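Accompanying notes for the structure given below.
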Amino acid sequence: MELTSKVIGTIENKDVVEYTVTNANGVSLSAMSLGATLTKLVTPDKNGTKENITLNVENVEDFKTHRPFYGATIGRVAGRITKGQYTLAGKEYQLDINEGDNLLHGGPAGLDTKLWEVEAETAESDARLIFTYESPEGENGFPGNVSVKVTYTLTDENEWVINYEAKTDAPTLFNPTNHVYFNLTGDIKKTMLDHQLKLKSEFYGSLGEENLPSGKLEKVDGTPFDFRTFKAIKEAALSDHAQIKPLNGLDHPFVLNPNESGVQAILFDPESGREVELYTDCNSVVIFTHNAEIDDYLIEGEPAKQYAGITLETQTLPDAINQPGFGNIILRPEEPFTSQTTYKFNVREA
Ligand code: G6D
């Protein structure tokens with residue numbers, strides 16, 4: 001495994017370092033210390049052409065200023081928390097809000113905005129980027145001093161394995177994800193609408209006002225949310241369904257079986273032949289289809305277009321602390337957090 005690193009900018013007068021690991025097949029993963037953020041994922045297409053298959057901003061300033069979350073580690077709690085409020089052991093907590101009256105993606109100073117410590121390790125058949133961050137008591141209103149560790153492993157089997165670990169000195173909340181957007185064409189000037197998705201999910205979480213979870217889990221059967229057999233993303237993202245049309249696409253959690261050891265989802269681009277398999281121990285994956293063009297910054301000289309990428313954000317169901325039956329995101333001193341998600345990259349004919 002080859003490892004390189006370079007300074008790609010500064011934040012608060014500290015260097016932001018990007019690390020790149022490349023495996024025996026020429027697949028490479030790049031990630032930066034700001035936000036423990038994936039910055040590139042280069043894989044071959046069916047003709048062997050190697051291209052970046054993820055959305056990324058081109059400079060640190062844009063990333064910090066506009067918070068596009070592209071490839072970033074999101075936390076302490078991914079998704080929205082209604083009114084930034086929750087009750088634990090009879091005590092009411094008010095978190096910092098940053099989207100209307102709600103908290104989004106960890107709050108105004110979420111994990112994606114922080115400079116993480118990084119250690120790089122290489123071995124014969126894999127390489128690891130180990131990101132650590134100490135989140136102090138009260139950060140974004142969350143109680144507890146939390147030590148977070150996120151490890152990105154690239155293997156010679158073309159897998160990106162993400163391991164999350166966290167421990168706290170007082171009960172708090174923790175529900176991280178990675179906000180990677182895939183565009184398997186390798187050309188962000190193309191949309192991902194013709195990508196095919198197969199997803200082992202019988203239920204999706206419907207959204208209410210302000211894109212907050214409604215608290216209801218609806219059957220996918222007979223709806224555009226049914227991806228139990230391969231279907232083009234456009235058949236859902238462009239549908240007139242009452243849950244999709246107002247958003248111009250998907251922005252929904254899909255329920256997964258956290259005990260499933262096999263593949264949970266497969267994203268496939270018939271044009272390039274690129275395929276991503278998803279494995280996770282999480283109870284959900286949020287699929288967001290980049291539903292509007294973003295012109296705050298340019299990527300390859302152009303704004304990031306509508307439908308330029310699709311996320312597969314594995315996590316516990318959003319707003320779980322306020323939604324019965326959505327899962328447990330309480331982090332306690334006696335129960336350190338661990339979670340693993342794997343994206344495996346293949347190529348095949350359609
Ligand atoms: C929008 O509602 C969506 C989120 O799900 C997404 O994570 C964010 O844009 C980047 O707020």
Side-chain angles (χ1 to χ4, degrees), residues 34-39 54-57 62-84 95-113 140 162 175-183 188 191-192 197 199 201 204-215 225 233 236-237 241-256 282 284-297 299 303-320 322-323 326 329 341:
L34 177 57
T37 298
L38 177 88
T39 51
T54 62
L55 295 194
N56 320 99
V57 291
D62 281 343
F63 189 86
K64 182 87 174 170
T65 306
H66 302 294
R67 278 188 90 183
F69 303 114
Y70 289 171
T73 294
I74 306 293
R76 295 186 187 183
V77 175
R80 291 172 173 87
I81 294 179
T82 302
K83 301 232 183 292
L95 303 171
D96 297 351
I97 59 175
N98 62 316
E99 188 193 54
D101 296 332
N102 308 307
L103 173 140
L104 173 66
H105 289 342
L111 295 179
D112 61 293
T113 70
N140 295 288
I162 308 177
N175 182 21
T177 193
N178 186 283
H179 211 296
V180 58
Y181 288 82
F182 291 109
N183 181 327
I188 64 157
T191 76
M192 52 72 200
L197 176 67
L199 179 63
S201 177
Y204 72 95
S206 58
L207 303 179
E209 294 299 312
E210 303 166 277
N211 280 357
L212 291 163
S214 68
F225 293 92
I233 298 296
H241 189 281
Q243 275 280 316
I244 298 173
K245 185 73 177 164
L247 306 179
N248 292 317
L250 300 177
D251 191 8
H252 296 77
F254 288 78
V255 176
L256 299 176
C282 294
S284 86
V285 57
V286 170
I287 296 183
F288 177 52
T289 50
H290 201 279
N291 299 329
E293 177 172 293
I294 297 178
D295 51 13
D296 298 336
Y297 44 82
I299 304 179
K305 66 195 307 176
Q306 187 182 35
Y307 310 126
I310 179 170
T311 71
L312 295 172
E313 301 160 69
T314 57
Q315 62 191 118
T316 297
L317 282 158
D319 204 21
N322 294 314
Q323 307 295 348
F326 272 34
I329 64 165
T341 286

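Keep in mind the model is a prediction, meaning the values are calculated, not measured. Both ligands and their constituent atoms are indexed starting at 1 by order of listing.
For Tyr181 and His179, the ring centers are positioned less than 6.0 Å apart. Ring centroids of Phe225 and His241 are separated by less than 6.0 Å, placing the two rings close together. Aromatic ring centres of His290 and Tyr307 lie farther apart than the 6.0 Å criterion allows.
Within the structure, the closest approach of Tyr70 to ligand 1 does not fall below 4.0 Å when heavy atoms are considered.
Here is the list of ligand 1 atoms found below 4.0 Å of a heavy atom in Tyr181: 10 (C). Interface of Phe69 with ligand 1, defined as ligand atoms under 4.0 Å from a residue heavy atom, comprises 10 (C). Each of the following atoms of ligand 1 lies closer than 4.0 Å to a heavy atom of His105: 6 (C), 7 (O). Listed by number with element, the atoms of ligand 1 under 4.0 angstrom from any heavy atom of Asn211 are 2 (O).
Atom 6 (C) of ligand 1 has as its closest protein heavy atom His179 NE2, 3.6 Å. Among protein heavy atoms, the minimum distance from atom 2 (O) of ligand 1 is reached at Asp251 OD2, 2.4 Å. The protein heavy atom nearest to atom 11 (O) of ligand 1 is Arg80 NH2, 3.0 Å.
Considering backbone and side-chain N/O atoms, Glu313 never comes within less than 3.5 Å of an N/O atom of ligand 1.
Residues Asp319 and Thr82 bring a donor and an acceptor atom of their side chains to less than 3.5 Å of each other. Side-chain contact of Glu210 with Asn102: a donor-acceptor pair under 3.5 Å is present, judged by distance alone.
The minimum heavy-atom distance between Leu317 and Pro253, with the atom names listed, is CD2-CB, 3.8 Å. Across Pro108 and Ile97, no two heavy atoms sit closer than the pair CD-O, 4.3 Å.
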